[in-house]
Amino acid sequence: MFHCNAYIEYGDKNMNNFIEDIEEIYNFIKKNIDVEEKIHFIETYKQKSNMKKEISFSEEYYKQKIMNGKNGVVYTPPKMAAFMVKNLINVNDVIENPFIKVVDPSCGSGNLICKCFLYLNQIFIKNIEVINSKNNLNLELKDISYHIVHNNLFGFDVDETAIKVLKIDLFLISNQFSEKNFQVKDFLVESIDTKFDVFIGNPPYIGHKSVDSSYSYILRKIYGSIYRDKGDISYCFFQKSLKCLKEGGKLVFVTSRYFCESCSGKELRKFLIENTSIYKIIDFYGIRPFKRIGIDPMIIFLVRTKNWDNNIEIIRPNKSEKNKFLESLFLDKSEKYKKFFIPQKSIDSNGWVFVDKVEKNIMDKIEAKSKFILKDICHSYQGIITGCDKAFIIDRDTINSRKIELKLIKPWVKSSYIRKNEVIKSEKFIIYSNLIENEIECPNAIQYIQQYKKKLMERRECKKGTRKWYELQWGRKPEIFEGEKIVFPYKSCDNRFALDKGSYFSADIYSLVLKKNVPFTYEILLNILNSSLYEFYFKTFGKKLGENLYEYYPNNLMKLHIPTIDFRGENNVEKKLYDFFELTDREIQVVEKIKDNC
């Protein structure tokens with residue numbers, strides 16, 4: 001019996017109903033009966049379920065999984081799927097090998113596989129005479145759908161229901177059913193005996209914190225060379241897919257661009273550079289095409305062959321026409337995007353930077369004339385993690401009314417208070433309770449904090465006995481805050497560095513403290529870091545977060561090359577830097593455009 005309201009309400013119950021319905025449909029289309037009868041059965045179901053005829057079961061299943069909070073599930077939009085297929089497989093690939101094997105290693109409910117079918121079907125129809133002649137075949141038009149479903153398309157997934165959904169959707173567009181080509185199988189850990197010609201996929205993005213510890217242990221045993229530290233499961237899909245890809249075979253994955261810059265992605269970057277020829281990268285650069293998913297994606301096309309002399313085509317949005325990027329790219333409309341080529345040998349395992357020739361020249365000039373990198377001249381420190389802001393962050397009225405001991409009160413700064421060269425003072429303060437050696441000596445502060453004792457005791461460090469219940473979770477060392485330092489927000493749309501002394505700051509702020517005996521002052525460093533040139537420079541390799549934000553994490557920031565330069569008597573810092581690095585007018589123009597981003 002069909003559950004006709006399965007698509008109107010959501011929740012575990014409706015998901016279970018949906019799964020039962022899929023099982024019933026699946027078992028019906030397996031029967032040895034007329035195709036027309038099977039189609040009628042499915043159409044009747046859709047009508048009773050108030051499901052639009054043009055909506056695939058894959059789309060409905062995805063909605064169910066999202067509503068049930070399934071981790072790592074990303075539905076590849078149809079236009080993106082079609083773009084990936086078209087730019088991966090060409091007509092000649094099929095003419096030369098009509099038995100080309102195309103596989104999705106994490107096929108889910110098959111939206112990529114279905115697009116592959118539609119694309120291959122058109123190639124076979126238009127080129128059937130050439131295909132038959134060249135390969136000594138006798139394919140007829142009526143045979144094409146059967147041939148593609150049974151000989152060209154393959155998929156693996158751990159989700160049994162998703163595989164059944166795939167087979168139903170594929171049947172609806174092909175009138176063919178394949179039991180064996182789409183398997184319920186863990187591609188990463190189970191043995192795969194077949195070698196494939198083409199891989200296409202949108203492997204799950206699941207970070208180390210979200211992976212079951214026992215499964216993580218298994219993956220580390222198999223993929224320990226690239227899956228380590230804060231690695232993502234998607235890294236493993238790259239390695240296993242290339243192992244199962246024929247020499248000269250092609251692969252396209254849509255994946256998180258995080259591996260391009262992250263420390264955890266270093267070994268994956270090295271692996272791809274050394275074992276593949278990358279020929280195209282679509283860098284969405286802050287545009288997020290996946291609804292409800294906070295992932296910054298990229299699409300990478302590569303061939304399993306070692307050719308380090310090749311050039312990589314880079315496509316990314318124009319800053320002035322971001323809203324038109326997806327439509328322009330996927331619908332072959334006028335090129336409202338930036339396209340350029342970089343040599344594969346110009347990227348290395350330390351981090352992938354996608355810049356055009358002019359931008360690369362600017363970077364080279366900066367790095368050639370800079371004697372230091374930032375980590376040579378500064379220490380970096382993160383701000384305080386309280387573990388419960390309500391217990392420690394207070395205003396002046398609370399200090400007065402509760403008579404909080406003044407020796408514990410410190411000025412409090414959050415990232416929103418920081419501007420270029422300025423820290424906005426606020427009326428917020430922190431009870432720096434780490435100065436309390438004994439509860440008796442500061443009774444008023446203890447009494448105030450005690451309101452939140454139950455929550456504070458739940459902190460990991462308190463449970464372990466490494467923190468007293470009233471202490472800050474990570475209070476750092478007071479001298480970090482008391483002395484002079486440059487502070488800056490961890491996430492920002494632009495460079496915002498400011499000099500501070502005496503303020504205690506939150507964990508969304510980092511600081512730079514000059515090392516001893518370096519030829520720099522805070523004033524010189526601020527002039528450099530807050531300049532348009534260094535904002536441009538950092539953004540060429542900094543991690544992008546959505547459309548406008550960048551991550552100013554020290555791992556990346558401390559890579560900045562810093563020149564020894566004297567600004568005394570100079571009113572125009574920007575001009576001084578341009579002259580020092582000998583930038584051309586064209587290069588200055590490129591740098592100045594960075595101001596339009598915020």
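If you read the sequence from its start, that first residue is 1, and numbering goes on from there. Computed from a predicted model, the values in this text were never measured in an experiment.
Sorted by first then second residue, the ring pair (Phe, Tyr, Trp, His ring centres under 6.0 Å) pairs that include residues 383-429, not counting sequence neighbours, number zero. For residues 391-407, the side chain to side chain donor-acceptor pair (under 3.5 Å) pairs, not counting sequence neighbours, are Asp395-Thr398, Arg396-Glu427, Lys407-Glu441. Identified under the side chain to side chain donor-acceptor pair (under 3.5 Å) test for residues 446-458, with sequence neighbours left out: Glu458-Lys463.
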*Quick one: do Phe581 and Tyr578 satisfy ring-ring contact (aromatic ring centres under 6.0 Å, His included)? Show the steps, please.*
CA-CA 5 Å; Phe581 290 115; Tyr578 295 152; 9.3 Å; no
- Task: Give the intermediate values and the outcome of side-chain contact (heavy atoms from CB on, under 4.5 Å) for residues Tyr522 and Val513.
- Result: CA-CA 9 Å; Tyr522 285 113; Val513 177; 3.8 Å; yes
Begin with the C-alpha distance, continue with both residues' side-chain angles, and end with the deciding distance and a verdict on ring-ring contact (aromatic ring centres under 6.0 Å, His included) for Phe271 and Tyr235.
-> CA-CA 10 Å; Phe271 175 76; Tyr235 298 3; over 10 Å; no
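A ring-centre distance under 6.0 Å is not found for Phe340 and Phe354. Aromatic ring centroids of Phe238 and Phe253 lie under 6.0 Å apart.
Taking CG of Leu514 as the start and OG1 of Thr521 as the end, the distance is 7.5 Å to the nearest 0.5 Å.
Applying the side chain to side chain contact (heavy atoms under 4.5 Å, CB included) test to Ser415 and every residue at least two apart in sequence or in another chain returns Pro489, Asp508, Ile509. Every residue meeting the side chain to side chain contact (heavy atoms under 4.5 Å, CB included) condition with Glu482, not counting sequence neighbours, appears here in chain and number order: Lys410, Tyr504. Considering only residues two or more places apart in sequence or on other chains, Glu422 meets the salt bridge (charged side-chain N to carboxylate O under 4.0 Å, His left out) condition with none of them.
At a cut-off of 3.5 Å, with distance as the only test, a side-chain donor of Glu367 or Tyr537 sits close to an acceptor on the other residue.
Cation-pi contact between Lys543 and Tyr550: absent, since separation from the ring centre below 6.0 Å together with deviation from the ring axis within 45° is not met.
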